[in-house]
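What follows is a single structure, written as structure tokens, with notes after it.
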Amino acid sequence: MKILLQSPQIIDPNSPYHLKEKNVLINNGRIVEIGDKNYSADKVIKAEGMKLSIGWFDLGTSIPDPGHEYKEDLDSGMRAAAAGGFTQIAVLPNTSPAIQTKNEVSYLIKGNDTNLVKIHPLASVTKNNKGEELTEMIDLHEAGAVAFTDGLKPVWHTDIFLKSLQYLQKFDGLLIDHPEDIWLNLFGQMHEGINSTMLGLKGMPRIAEDIVVNKNLELLGYAGGRLHITRLSSAKAIDMVRSGKKKLNVTCSVTAYQALLDDSLLADFDTNYKVNPPLREKADQDALIKALKDGTIDVIISGHVPQDEESKSLEFDLADFGITNLQTTAANLVSLSKWVDWDVLLEKITVAPRRLLNLEIPKIDIDEKANLTLLDPDRVWKFDERSNFSKAKNSPWFGQEIVGKAVAVFNNGKHYFDVA
């Protein structure tokens, strides 16, 4: 089937057509023509005003399969990812059992040669993500794990963290850490500040993130290796990473929603805004926007953490953390584009994560495999039961009209369309 994308703006710094509006013809999973001619095709997508990039990559999706498939399974997660614009996702090891043996890695990658969305396992640093005993990281790497993390949990044990940095250097492996002092955040519900005091909720202070970032940077300077700090939220932590980049091999990421939402949104005790790290204050939002613009933040992730109804429809202090965000990341990017240029934003969700994981980077050029995402930044749509492909609906945007949607993805000779 020949598919013609008419006049999207191509955004791919590795492509000779970067920032140009061209017609793109796809046939049998490959890009066969790029130019100004109106090529004949079986299906034509009018893409004027849309952005065509290489397929989006999510560096840290939570899909709790195996173990908690009632929240999200691989099939529903891949459908939501495709509908959200992602052709590749790296999945967190917070499963049951954790991703800590070759069997779990094999379970995740078994369909990668044929599926529209390719899955890359992030294996556990410690057994059962408890932070107490190292996994067999070399074996997991050889089995197909692309990086190592305890996922939504921090690698809290200082000696384990240090040994992980040293151990991973044997194969240039990447350590990914969620920076959190679990004792300072114990029983915490939201950002510690004026709003938490007014609402009578136990706070999660910035210092719980800041001191761990500082410690981890010191350990990185001592041990060497490669460190990626994920889900940053604090202005001070961002500044420390900015300084650390001058002499250390450190990178960082932020969730697509973190710079857009603040802690005032919790005034009505809506558990869909309960996330970890918590939504913070405007000063932190401004710092994140600045860091996106100046390159301190390398990667944007969806921050997808699906929860079932029984985990969210509770009193606020009993509800679980997390937002389901695979399908609404595009709308987040549209909001961020008010401050950050599109080529900068898309680089952080396409090229940068693949480069960190030493994976092949697709390219928009003639005779290249079609690994593509087409984004319509003006598409108005409603995120509801009909359009949601995830098993979860713990989203502050559920039931609302939002702006910005991935309307087509191509990968592995397959495609997904949602063209208005």
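The figures here come from the full heavy-atom set of this structure, side chains too, leaving out hydrogens, waters and symmetry mates.
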For residues 243-263, which residue pairs pass the salt bridge (charged side-chain N to carboxylate O under 4.0 Å, His left out) check, not counting sequence neighbours? Lys245-Asp298
Proximity of [X] and [Y] rings by center, below 6.0 Å:
| X | Y | value |
| --- | --- | --- |
| Phe148 | His141 | no |
| Phe410 | Phe417 | yes |
| Phe383 | Trp397 | no |

Is it true that Arg206 and Glu281 have a side-chain N and a carboxylate O under 4.0 angstrom from each other? yes
For [Y], is there any backbone N or O sitting under 3.5 Å from a side-chain donor or acceptor partner on [X]?
| X | Y | value |
| --- | --- | --- |
| Ser76 | Glu72 | no |
| Lys2 | Asp42 | no |
| Asp341 | Asp343 | no |

Of all heavy-atom pairs between Leu201 and Phe269, which one has the smallest distance, and what is that distance? CD1-CE2, 3.9 Å
Residues in salt bridge (Lys or Arg N to Asp or Glu O under 4.0 Å) with Glu33, at least two apart? none
Can you name the salt bridge (Lys or Arg N to Asp or Glu O under 4.0 Å) partners of Lys153, sequence neighbours left out? none
Do the numbers put Lys22 on top of the ring of Tyr17, so that NZ or CZ is under 6.0 Å from the six-membered ring centre and no more than 45° off the axis? no
Looking at Phe316, does the NZ or CZ of Lys274 lie under 6.0 angstrom from its six-membered ring centre and within 45 degrees of the ring axis? yes
Checking Asn325 against Asn332 for the side chain to side chain donor-acceptor pair (under 3.5 Å) test, could you report, in this order, the C-alpha distance in whole Å, the side-chain angles of both residues, the deciding distance, and whether it holds? CA-CA 9 Å; Asn325 199 43; Asn332 296 162; 2.9 Å; yes
